[in-house]
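Working notes, structure below.
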Amino acid sequence: MPELFDQMQPFFDPRWLRRQIFETIDFYDPQCVDQKNGGFFHCYLDDGTVCDRTTKSLVGTARFIYLFSVGTMLGGPAHWKTIAKHGLRFLDEVMRDRINGGYYWQAEERQVSDDGKDTYGQAFVLLALATATKAGVAEAGPQIKELAQTITAHLWDDAQQLCVAKKSRNWHWTDPYRGQNPNMHLCEAMIAAYEAIGDRAYLETARTLARTVTITLAQQTGGLIWEQYDQNWRPDWVRRAEYAGNEFRLYGYVLGHSIEWSKLLTKIYAYTRESWLLARAKALYYQAWQRAKDDRYGGLIFSITPDGQPLDTYKYYWVMAEGLGASARLAAADPVQQRAYLDNYQWLFNYCWNHLIDHRYGAWYPKLTRSNLRTGYEKSPLNKTDYHPITNEQEAMHVFEKLVPDAL
């Protein structure tokens with residue numbers, strides 16, 4: 001059906017998707033590089049003006065390394081690899097704990113301001129190291145094993161087959177909070193580590209995390225992914241004021257996370273071909289998509305309450321991006337329902353193109369109201385870096401390099 005494929009351009013064109021990735025990276029290049037203190041700047045207004053010149057986030061640093069490594073892998077300019085190395089040096093010189101192992105959460109210029117060891121942050125460093133390795137940065141490879149061993153030794157709860165959320169600098173204190181979000185990103189990082197160096201132990205860890213979160217935990221919460229748990233990994237249904245505004249301790253069924261898990265499950269499925277992975281991917285995607293889709297204003301809402309009522313109806317850039325990646329991957333993994341996934345992909349990318357992508361300055365707006373109004377003038381607040389659009393446009397690009405017109 002080539003004529004149908006032609007009508008669906010350009011969102012299905014790998015070359016166009018590659019250009020979108022490059023244009024987003026261009027928004028940050030070269031102003032993201034902090035030549036004085038090392039690492040990167042982490043806050044940008046709509047036009048790219050830097051709005052915070054001191055705060056250095058572990059997550060943001062790792063995500064910038066990821067971005068420029070992906071750009072290098074896709075044939076971008078040679079200096080992108082140099083920028084990725086620049087970020088790795090800052091991680092090693094400032095954020096790395098050479099005494100206790102692991103990486104600190106945050107610094108101001110070159111001084112550590114938060115020395116906690118969060119699984120979420122370690123996961124993104126592991127993802128950065130793996131992606132830099134895939135991009136040909138040789139010095140990143142040996143650090144993959146070292147960090148993975150540190151995570152296993154200090155953050156892994158063997159009885160629960162999950163990681164705790166946070167420990168102190170010396171690993172002696174454990175935060176009582178438990179969350180699925182850091183484990184989701186650790187799963188992603190372990191897949192990348194397996195792809196980078198071929199050690200199947202990393203893939204097995206990713207598989208274990210996936211099974212625990214999407215089956216064991218989800219059985220307690222009606223099939224969808226709940227965010228918060230107590231120390232014994234029982235769902236915490238209370239909306240706690242102390243976590244308000246904390247982007248890493250979200251309340252509710254965050255529908256984008258169920259969709260993101262569906263994408264990760266398809267990635268593991270591609271390597272193992274275990275049927276439960278695809279079955280759970282399809283179920284999570286379908287349940288979350290049905291609840292998140294906004295037929296009136298377009299896009300996907302953010303979260304719902306324990307009883308299924310809308311909770312946060314804002315439109316977050318990362319939820320849309322994950323919807324694109326999951327739709328593309330499921331279209332490749334599930335031929336029977338392929339048309340539905342492709343229709344969802346096209347519908348959602350059209351929404352992003354019309355509302356979330358800045359066609360003047362580049363990159364994606366972080367958040368809109370339900371009716372698609374802007375909420376501020378920061379294009380990229382701390383930690384954003386447009387990691388989500390880039391990783392999911394890359395996923396879609398790889399799918400549509402193989403899903404040729406005749407297959408549609």
Side-chain angles (χ1 to χ4, degrees), residues 21 25 58-74 76 80-81 84-85 87-88 91 102-103 118-152 155-156 163 181-211 213-214 257 260-272 277 281 318 321-322 325-326 328-329 333 383 385-399:
I21 292 172
I25 297 175
L58 179 63
V59 173
T61 301
R63 287 179 173 182
F64 270 125
I65 295 166
Y66 174 87
L67 261 60
F68 288 102
S69 297
V70 168
T72 299
M73 291 164 60
L74 296 180
W80 283 359
K81 187 174 182 180
K85 291 182 177 181
L88 287 166
L91 281 183
Y103 293 80
D118 294 65
T119 296
Y120 193 99
Q122 313 308 309
F124 269 100
V125 174
L126 184 61
L127 178 66
L129 294 172
T131 310
T133 300
K134 290 192 280 184
V137 181
E139 57 265 38
Q143 297 180 55
I144 293 173
K145 182 177 181 180
E146 178 184 336
L147 180 55
Q149 288 176 337
T150 297
I151 292 170
T152 300
L155 293 164
W156 184 257
C163 277
N181 195 9
N183 287 282
M184 180 183 70
H185 283 292
L186 183 59
C187 177
E188 174 189 33
M190 287 292 175
I191 297 170
Y194 166 68
E195 293 171 338
I197 62 177
D199 187 337
R200 203 166 180 88
Y202 299 129
L203 183 63
E204 182 57 30
T205 299
R207 177 185 173 278
T208 298
L209 289 163
R211 178 176 283 278
V213 174
T214 69
H257 281 160
E260 191 168 358
W261 266 114
S262 73
K263 180 189 75 174
L264 296 177
L265 291 168
T266 66
K267 290 173 73 72
I268 303 170
Y269 174 73
Y271 294 118
T272 69
L277 289 155
W318 71 262
E322 292 300 329
R329 288 201 63 93
N383 297 313
T385 77
D386 285 77
Y387 141 81
H388 284 281
I390 285 175
T391 191
N392 286 288
E393 286 171 339
Q394 184 189 26
E395 293 285 1
M397 189 185 80
H398 292 328
V399 166

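No experiment lies behind these values; they were computed from the predicted model shown. Index from 1, following the sequence. The figures that follow rest on heavy atoms only: side chains count, while hydrogens, waters and symmetry mates do not.
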**Report entry** Sole residue of L209, T214, L264, V213 in side-chain contact (heavy atoms from CB on, under 4.5 Å) with M184
**Finding:** L264

Query raised in the report: Is the closest side-chain heavy-atom distance between Y271 and E195 below 4.5 Å?
Result: yes

Query - Nearest heavy atoms of Y103 and Q143, plus distance in Å - result: OH-OE1, 3.4 Å

Query raised in the report: Between atom NZ of K263 and atom CG of L265, what is the distance when rounded to the nearest 0.5 Å?
Result: 11.5 Å

Query - Closest non-hydrogen atom pair, A206 against I191 - result: CB-CG1, 3.7 Å

Query raised in the report: Just how far is it from atom CD1 of I268 to atom CG of L277, taken to the nearest 0.5 Å?
Result: 6.0 Å

Query raised in the report: How about T385 and V59: do any of their side-chain heavy atoms sit closer than 4.5 Å?
Result: no

Query - Distance (rounded to the nearest 0.5 Å) between I144 CD1 and Y202 OH - result: 7.0 Å

Report task. Return yes when atom NZ of K145 has more than 12 non-hydrogen atoms of other residues, nucleotides or ligands closer than 6.0 Å, and no otherwise. Result -> no

**Report entry** Side-chain touch L186/Q122, heavy atoms, less than 4.5 angstrom
**Finding:** no

Query raised in the report: Measuring from D118:CG to F124:CZ, what's the distance to the nearest 0.5 Å?
Result: 12.5 Å

Query - R63 side chain to N383 backbone, donor-acceptor under 3.5 Å - result: yes

Query raised in the report: If every non-hydrogen atom of S262 is compared with every non-hydrogen atom of A281, which pair is closest and at what distance?
Result: CB-O, 3.2 Å

Query - Nearest heavy atoms of S69 and A84, plus distance in Å - result: OG-CB, 3.7 Å

Query - I25 side, atom CD1; T72 side, atom OG1 - distance, nearest 0.5 Å - result: 8.0 Å

Query raised in the report: Given the rule in the side-chain contact (heavy atoms from CB on, under 4.5 Å) test, do W156 and T208 qualify, once you have shown the distances and angles that lead to the verdict?
Result: CA-CA 12 Å; W156 184 257; T208 298; 4.2 Å; yes

Requested in this report: List the atom of N183, the atom of C163, and the distance in Å for their closest heavy-atom pair.
Outcome: OD1-N, 2.7 Å

Query - Pairwise side-chain contact, L58 with L91, heavy-atom cut-off 4.5 Å (strictly under) - result: yes

Report task. Verify whether one side chain among T266 and R329 offers a donor that lies under 3.5 Å from an acceptor in the other. Result -> yes

Requested in this report: Flag the pair E188 and K267 as a salt bridge only when some basic side-chain nitrogen lies within less than 4.0 angstrom of an acidic carboxylate oxygen.
Outcome: no

Query - Between T391 and Y66, a side-chain donor and acceptor under 3.5 Å - result: yes

Query raised in the report: If you look at every heavy atom in T150 and G102, which pair is closest and at what distance?
Result: CG2-N, 3.8 Å

Query raised in the report: Do I65 and T131 come close enough that some side-chain heavy atom pair is under 4.5 Å?
Result: no

Report summary line: CD of E260 to NE2 of H257, rounded to nearest 0.5 Å, is 5.5 Å

Query raised in the report: Name the one of W318, W261, Y120 that satisfies ring pair (Phe, Tyr, Trp, His ring centres under 6.0 Å) with H185?
Result: Y120

